[in-house]
Amino acid sequence: MSTVRPFKGLRPPVDLVEQVASRPYDVLNSEEARAEAGNNEKSLYHIIRPEIDFAPGTDEHDAKVYEKAVENFQKFQAEGWLVEEQKPCYYIYAQTMNKRTQYGFVVAASVADYIEGRIKKHELTRRDKEEDRMKHVRINRANIEPVFFTFPDNEGLQAIIDKVKVRKPEYDFVAPDGFGHTLWIIDDEKEIETVTQLFACIDNMYIADGHHRSAAAALVGKEMAEANPHHTGNEEYNFFLAVCFPASHLNVIDYNRVVRDLNNLSDEEFLARLTESFVVEEKGKDIYKPSSLHNFSLYLGGKWYSLTAKPGTYDDADPIGVLDVTISSNLILRDILGITDLRSDKRIDFVGGIRGLGELQKRVDSGEMKMALALYPVTMKQIIDIADTGNIMPPKTTWFEPKLRSGLVIHKLDD
């Protein structure tokens with residue numbers, strides 16, 4: 001069973017939400033955050049990217065930067081830019097991209113569920129990134145930004161979404177990136193109880209995006225429990241901020257690769273090597289998009305190619321081996337190009353599908369990269385299968401869009 005509970009959200013007044021809300025901290029660097037915040041003192045970047053309040057080049061991990069986050073978080077509350085709800089609530093949060101809308105529940109998720117494996121993960125986390133987020137949660141005593149969960153479709157929870165979404169929302173705006181964001185409050189006691197009970201019928205939830213934030217939130221909650229001699233398990237620090245979407249609502253998009261060189265092979269030699277494991281078809285100068293699982297598109301020398309993995313080069317019964325990222329990593333990047341560590345090799349870079357395949361062509365045509373490889377996106381079923389079997393996806397496998405907007409609702413860890 002999944003344990004969730006309502007909470008007293010800390011959020012902006014309606015007339016300030018567009019000034020406060022921001023993109024997540026990890027989708028842009030310090031200078032981009034500085035530029036987006038501009039002269040807006042109400043921007044959440046002053047809390048989640050507080051290095052923008054210092055001279056350019058300031059180390060974002062400096063102790064004074066974390067302290068500035070706390071100072072700014074307290075200022076936002078003192079100025080009324082963030083106001084606490086009068087009572088514990090749930091929320092429904094809708095995101096619209098390309099005329100498609102997905103609806104999720106904003107909840108306080110259970111630290112125990114994460115630690116005991118009922119909230120499942122499909123990616124490895126890095127300790128340095130965990131520690132950075134732990135410091136941010138620990139010093140602010142709050143989950144400023146939510147994590148992104150999914151769960152198997154549930155008729156009862158879908159009925160709640162359908163019932164609530166026809167009401168007048170609390171927030172409804174289009175962000176500068178063109179994505180729509182809508183938020184409804186669930187404050188009726190009967191509806192709150194129904195949501196809690198329906199989630200209790202769900203065996204597992206799955207982290208779609210935010211593995212480091214999830215780990216950090218759970219570890220800080222565990223720390224606070226161990227430090228409290230009167231710990232009961234009901235304190236607010238036993239929960240952390242999550243937005244939970246039915247699996248069918250989510251759109252996983254492609255996550256593509258660009259490579260700087262062909263490992264001392266000529267274009268002809270590289271293409272010849274590919275034919276050992278792939279059916280290679282030249283497609284010409286028009287962009288070619290992968291058409292199905294195990295089909296890839298290659299851009300090289302001003303031309304697009306279709307690559308289809310030959311039978312016997314992958315194992316459909318292996319939840320990791322069946323992934324196109326595994327096939328391409330093993331048969332192309334490792335065996336032909338000698339790239340074995342996707343996390344650290346400087347010869348390779350990754351491009352989220354939100355940028356389109358034209359971005360791949362541009363980076364090769366500019367001379368920055370030698371070739372590009374586009375992959376068919378993984379499915380939600382593959383992600384859930386991998387998490388359920390205790391496997392971990394290779395690096396740079398999933399890309400979810402749209403990203404959650406930060407600052408719509410914040411969860412404080414103090415009761």
Side-chain angles (χ1 to χ4, degrees), residues 1-11 47 69-70 73 77 82 84-91 93 104-121 125 127 129-151 157 185-187 189 191-245 387 404 406 408-415:
M1 61 178 284
S2 296
T3 302
V4 302
R5 76 177 191 183
F7 64 101
K8 290 184 179 180
L10 187 66
R11 57 185 186 81
I47 301 172
V70 177
F73 184 37
Q77 295 172 75
L82 291 171
E84 189 170 67
E85 213 75 68
Q86 291 296 307
K87 59 174 286 189
C89 303
Y90 288 120
Y91 307 84
Y93 172 31
F105 289 86
V106 185
V107 306
S110 165
V111 166
D113 280 2
Y114 179 88
I115 291 171
E116 294 166 15
R118 288 182 292 277
I119 294 170
K120 297 193 174 188
K121 49 200 171 207
T125 54
R127 184 61 190 171
K129 287 194 170 186
E130 278 182 24
E131 186 56 38
D132 166 56
R133 286 302 92 187
M134 284 177 71
K135 286 179 182 174
H136 200 270
V137 173
R138 193 185 288 129
I139 200 166
N140 285 292
R141 300 183 73 84
N143 310 125
I144 307 291
E145 298 184 273
V147 294
F148 187 161
F149 287 173
T150 186
F151 59 88
L157 288 170
I185 302 171
I186 299 178
D187 57 6
E189 289 298 336
E191 287 184 346
I192 286 172
E193 182 60 27
T194 300
V195 170
T196 304
Q197 290 175 353
L198 287 167
F199 269 100
C201 297
I202 293 171
D203 290 335
N204 300 106
M205 290 199 286
Y206 301 83
I207 303 171
D209 201 2
H211 282 76
H212 290 96
R213 269 168 281 171
S214 297
L219 289 168
V220 171
K222 187 168 179 283
E223 279 180 0
M224 292 178 73
E226 290 170 351
N228 181 5
H230 306 293
H231 172 75
T232 66
N234 198 46
E235 297 87 355
E236 207 59 47
Y237 59 69
N238 294 290
F239 297 84
F240 62 104
L241 181 62
V243 186
C244 310
F245 292 88
L404 302 177
S406 295
L408 301 184
V409 186
I410 290 167
H411 172 247
K412 296 175 77 172
L413 302 187
D414 292 315
D415 295 307

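Just the heavy atoms: all of them, side chains too, but no hydrogens, waters or symmetry mates, feed the values below. Nothing fancy with the numbering, it's 1 onward along the sequence.
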- Is the H231 ring parallel, tilted or perpendicular to the Y237 ring (thresholds 30°, 60°)? parallel
- Ignoring hydrogens and geometry, is there a side-chain-to-backbone donor-acceptor pair from R213 to P146 under 3.5 Å? yes
- Item | Shortest non-hydrogen contact between N140 and V70, atoms and distance | OD1-CA, 3.4 Å
- Query: Is there a donor-acceptor contact under 3.5 Å from the side chain of N204 to the main chain of R118?
  - Reply: yes
- Message: Determine whether a donor-acceptor pair (N or O, by modelled atom type, separation under 3.5 Å) exists between the side chain of S2 and the backbone of I202.
- Response: yes
- Message: Could you work out, with ring-ring contact (aromatic ring centres under 6.0 Å, His included) as the rule, every residue matching Y206, not counting sequence neighbours?
- Response: none
- Query: Is there side-chain contact between T3 and F239, with heavy atoms separated by less than 4.5 Å?
  - Reply: yes
- Would one find more than 12 heavy atoms of other residues, nucleotides or ligands at under 6.0 Å from atom NZ of K121? no
- Query: Is the shortest side-chain N to carboxylate O distance from R141 to E236 below 4.0 Å?
  - Reply: no
- Note on the structure: Nearest heavy-atom approach of S406 to E145 is OG-OE2, 2.5 Å
- Message: Please enumerate all residues that pass ring-ring contact (aromatic ring centres under 6.0 Å, His included) together with H212, with sequence neighbours excluded.
- Response: none
- Which heavy atom in S110 sits nearest to a heavy atom in F240, and how many Å separate them? O-CE2, 3.6 Å
- Item | Distance-only donor-acceptor check, side chains R5 and N238, under 3.5 Å | no
- Task: Please list, chain by chain and in numerical order, all residues satisfying ring-ring contact (aromatic ring centres under 6.0 Å, His included) with F245, sequence neighbours excluded.
- Result: F148
- Message: Can a donor-acceptor pair be found, under 3.5 Å and without considering hydrogens, that links the side chain of E235 to the backbone of G233?
- Response: yes
- Note on the structure: In this structure, CG of N143 is separated from CG of L10 (nearest 0.5 Å) by 11.5 Å
- Message: Quick check: do L413 and V137 have side-chain heavy atoms less than 4.5 Å from each other?
- Response: yes
- Item | Separation between CD1 of I207 and CD1 of I119, rounded to the nearest 0.5 Å | 7.0 Å
- Item | Nearest-0.5 Å distance, NZ of residue K8 to NZ of residue K87 | 10.5 Å
- Query: So do I185 and R11 actually touch side chain to side chain, heavy atoms under 4.5 Å?
  - Reply: yes
- Item | Exercise: identify the closest heavy-atom pair between C244 and V107 | SG-CG2, 3.7 Å
- Are any of the side-chain heavy atoms of L157 and F151 separated by less than 4.5 Å? yes
- Can you see which heavy atom on I410 is nearest to which on A142, and at what distance? CG2-CB, 4.3 Å
- Query: Is the centre of the F73 ring less than 6.0 Å from the centre of the H136 ring?
  - Reply: no
- Residues at least two apart in sequence or cross-chain that pass salt bridge (charged side-chain N to carboxylate O under 4.0 Å, His left out) with K129, listed by chain then number, are none
- Point-to-point distance, once rounded to the nearest 0.5 Å, from OG1 of T194 to CD of E189: 11.0 Å
- Item | Residues forming a ring-ring contact (aromatic ring centres under 6.0 Å, His included) with H411, sequence neighbours excluded | F7
- Item | Sole candidate of F149, F199, Y90, Y91 that passes ring-ring contact (aromatic ring centres under 6.0 Å, His included) when paired with F105 | F199
- Does the side chain of P6 come within less than 4.5 Å of D187's, by heavy atoms? no
- Item | Interatomic distance, R133 atom CZ to I144 atom CD1 [nearest 0.5 angstrom] | 9.5 Å
- Message: How close do A217 and V111 get, counting heavy atoms only, and between which atoms?
- Response: O-CG2, 4.3 Å
- Message: Applying side chain to side chain donor-acceptor pair (under 3.5 Å), can you list everything that pairs with R138, at least two apart in sequence or on another chain?
- Response: E223
